[in-house]
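Any value given below was found using the heavy atoms of this structure, including those in side chains, with hydrogens, waters and symmetry copies removed.
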Amino acid sequence: MDYLLNEQQVMIRDLARQIAREKIKPVAAEYDEKEEFPWPIVKILSDADLFGVYIEEKYGGTGGQGLELALCVEELSRACGGISLCLAATALGTYPIILFGSEGQKQKYLPDLAKGKKLGAFAITEPEAGSDAGSIKTTARKDGDYYILNGTKQWITNGGEAETYSVIAITDKAKGARGASAFIVEKGTKGFNFGKKEKKLGIRASATRELVFEDCRVPKENLLGKEGMGFIVAMKTFDKSRPGVAAQALGIAQGALDLAVNYARSRRQFGQPISSFQGIQFMLADMATEIEAARALIYAACRAIDAGSKDIARISAMSKLFASDVAMKVTTNAVQIFGGYGYMRDYPIEKFMRDAKITQIYEGTNQIQRDVIARTLIKEAASK
Amino acid sequence: MNIIVCVKQVPNTANVKIDPKTNTLIREGVESIINPFDTYAIEEGVRLKERFGGMVTIITMGPPQAEAALREAISLGCDEAILVSDRAFAGSDTWATSYVLSRAIKKFGPFDIILCGKQASDGDTAQVGPGIATHLDIPQATYVKKIEEIKDKLGRVERLVEEGYEVVEIPLPCLLTVVKEINAPRLPSLKGKMRAKSAQIKSWNAKDLECNHKYIGLEGSPTKVVKIFNPPPRKGGAKLTGEPQEVVDKLVSMLKADGRI
Ligand SMILES: Cc1cc2nc3c(=O)[nH]c(=O)nc-3n(C[C@H](O)[C@H](O)[C@H](O)COP(=O)(O)OP(=O)(O)OC[C@H]3O[C@@H](n4cnc5c(N)ncnc54)[C@H](O)[C@@H]3O)c2cc1C
Ligand SMILES: Cc1cc2nc3c(=O)[nH]c(=O)nc-3n(C[C@H](O)[C@H](O)[C@H](O)COP(=O)(O)OP(=O)(O)OC[C@H]3O[C@@H](n4cnc5c(N)ncnc54)[C@H](O)[C@@H]3O)c2cc1C
């Protein structure tokens with residue numbers, strides 16, 4: 001399929017593909033096994049300028065937008081859906097600054113994030129506040145030139161590894177949904193510590209940690225946007241970042257299909273390659289078709305968002321919902337095609353199935369995506 | 001530091017075909033790549049720039065399509081590129097090639113270090129680097145596996161030799177040919193690729209270089225290739241199996257029949 005990518009988009013795709021093939025694929029199993037953070041790969045992606053593909057040139061990026069990020073994340077995820085997250089989650093942490101940062105904040109934080117010199121992270125989830133993000137309890141109390149943060153964020157991707165955190169906290173409980181605010185918090189700030197690193201089913205090369213704030217004093221210049229805009233920052237960030245999760249899912253699905261096709265050609269049963277059985281062929285055909293549909297939807301979503309469309313919540317949620325469901329289905333079937341070998345850790349395919357699962361859960365579960373989509377439908381109908 | 005890297009574009013295949021009439025390589029229809037050894041020279045050039053500052057200029061002699069190799073080198077961190085190209089250069093042997101390259105380097109101006117690959121994967125002679133140094137009358141060190149230091153216009157390098165390595169001091173300006181042990185070439189960067197796409201590439205012909213026509217092309221090449229051929233594939237040996245006594249007897253009688261013992 002020709003998606004009419006421009007010259008620079010093709011360069012990004014090809015470069016990410018080359019890095020995925022030559023540098024990530026050979027080490028993916030090892031990082032998964034050891035649950036280590038892939039710092040050497042971070043260095044490679046940084047040297048290749050890939051951390052800045054969605055950031056303006058004046059802040060050190062290469063001037064692309066969401067589609068450039070999606071192309072990059074897709075290709076990296078074909079080799080490892082966990083390793084690709086060091087870059088994708090940095091983007092998630094960076095979007096609040098791009099969208100709501102002041103000129104000074106942008107100049108201070110974006111260049112290092114664009115270069116991959118520093119990683120980013122985004123923190124809203126808490127033990128008691130997942131889908132129901134509105135019930136977060138972390139507080140930020142104004143005290144002179146500072147806000148004092150107290151509370152615990154849970155399951156934060158890149159937690160502990162990143163330097164720059166976008167954190168949502170309650171500044172005025174009485175105001176409900178308008179009582180939250182977003183802050184940039186730097187690693188190393190006094191009173192900002194990390195909890196244990198989680199052990200996970202998949203994306204094990206990605207670090208997931210607790211952020212613990214105990215009387216953590218954050219300078220008031222680090223407030224993103226205005227006080228009370230916390231949930232708006234979060235929602236607008238997700239609208240931009242969900243196609244990135246979708247691209248991660250797409251890459252995982254494509255990587256699994258690549259392996260399944262090759263395996264089907266080489267595995268022989270009943271005196272012939274299993275790829276000669278129509279039952280297998282139909283599975284492969286459906287997998288490829290759904291992947292292509294996901295890709296088309298993601299790229300279309302990115303293009304609409306990048307072009308500045310207004311109501312992007314629906315298309316953004318659709319791309320994440322559809323691509324992650326496709327990824328789960330495709331990777332499950334890919335394991336099926338590998339048969340018993342597919343169930344063994346000695347073979348690469350089971351990892352794809354484990355990695356795919358998270359894409360249905362984070363940045364809003366797929367139930368929440370459906371909720372977002374349905375609400376826009378109902379609201380639209382009601383306004384007519 | 002002013003660094004020059006000489007690269008050659010070569011066909012991307014181990015089994016290049018030879019034109020039986022002209023005894024030269026048939027290059028048409030084969031994907032071209034940067035000579036693999038030259039990728040180490042490029043990387044070392046860029047590392048020298050990172051260590052000591054300065055700039056890296058890449059030079060290739062070849063047909064117009066060799067420009068692709070130059071753009072790739074820019075995407076890997078080189079700053080400027082010069083294509084040395086002229087129909088009159090066709091048929092140059094290693095002597096003529098190194099003469100032309102030395103003319104290009106003379107025209108380029110002052111430099112500190114010239115880096116070449118150890119050898120080209122197609123021609124395989126390993127003569128062009130030393131040839132350039134000779135034409136320019138500068139010192140050379142071949143098979144360099146490490147540039148230890150460069151201080152006060154004096155370089156200290158390690159040369160890979162069969163028994164280990166030699167440490168050699170060499171005054172600048174000089175020419176080094178490098179082996180693959182010297183580094184691990186980096187991947188291109190996105191900004192490098194973008195720069196490569198729009199980079200201006202200088203192109204110099206025989207006239208620009210004020211080449212002596214007696215020294216270039218087929219005529220200027222003292223080496224005359226009489227014949228190039230693919231050696232016949234080696235025939236597999238015979239394998240004797242059975243009980244040791246049996247096998248030894250068989251072997252002895254075969255050697256006798258062959259008149260070897
Ligand atoms: C590996 C990993 C990395 C993560 N990284 C980050 C990060 O970087 N930053 C961050 O802030 N968070 C992060 N999260 C948190 C993630 O976004 C949440 O886990 C997710 O939003 C779901 O919240 P929950 O786990 O509390 O599930 P719950 O909200 O408890 O949901 C449980 C189940 O109920 C369903 N459900 C809930 N509400 C509804 C409803 N209204 N209608 C229908 N069904 C509903 C859900 O879909 C789900 O199936 C991460 C999580 C994981 C596992
Ligand atoms: C006897 C003989 C006759 C030949 N006749 C012809 C002919 O008629 N037509 C023809 O097309 N070819 C001919 N060739 C091939 C051509 O001369 C060589 O390919 C060329 O001189 C380079 O030599 P090489 O490939 O052995 O490179 P090597 O000497 O092995 O290369 C060493 C290093 O020198 C540098 N280098 C080599 N070539 C170049 C270049 N062109 N530009 C920049 N840097 C370079 C690179 O850094 C390279 O790593 C002939 C070769 C020989 C030996």
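Summarising the local packing, NZ of B:K180 is surrounded by 12 or fewer heavy atoms from other residues, nucleotides or ligands at distances under 6.0 Å. Other residues, nucleotides and ligands place more than 12 heavy atoms under 6.0 Å from the NZ atom of A:K106. Residue B:Q200 places its CD atom among 12 or fewer non-hydrogen atoms of other residues, nucleotides or ligands, all under 6.0 Å distant. With a 6.0 Å radius and a threshold of 12 heavy atoms from other residues, nucleotides or ligands, B:K146 has its NZ atom at or below the threshold. In A:K117, the NZ atom is not crowded: 12 or fewer heavy atoms of neighbouring residues, nucleotides or ligands sit closer than 6.0 Å. Other residues, nucleotides and ligands place no more than 12 heavy atoms under 6.0 Å from the OH atom of B:Y165. At most 12 heavy atoms of other shown residues, nucleotides or ligands fall within 6.0 angstrom of atom NZ in A:K236.
Nearest heavy-atom pair, B:S189 versus A:D47, reported as atom, atom and distance to 0.1 Å: CB-O, 3.2 Å.
Separating the CG atom in A:D14 from the NZ atom in B:K193 is a distance of 5.5 Å, to the nearest 0.5 Å. How far CZ of B:R186 is from CD1 of A:I44: 12.0 Å, rounded to the nearest 0.5 Å. To the nearest 0.5 Å, atom CG of residue B:L187 and atom CD of residue A:Q18 are 5.0 Å apart. Rounded to the nearest 0.5 angstrom, A:Q8 CD and B:M194 CE are separated by 4.0 Å.
Among residues 60-88 of chain A, the residues having any heavy atom closer than 4.5 Å to a heavy atom of chain B are, in sequence order, A:G60, A:G61, A:T62.
Residue pairs meeting the ring pair (Phe, Tyr, Trp, His ring centres under 6.0 Å) criterion with at least one member in residues 63-96 of chain A, sequence neighbours excluded, are A:Y54-A:Y95.
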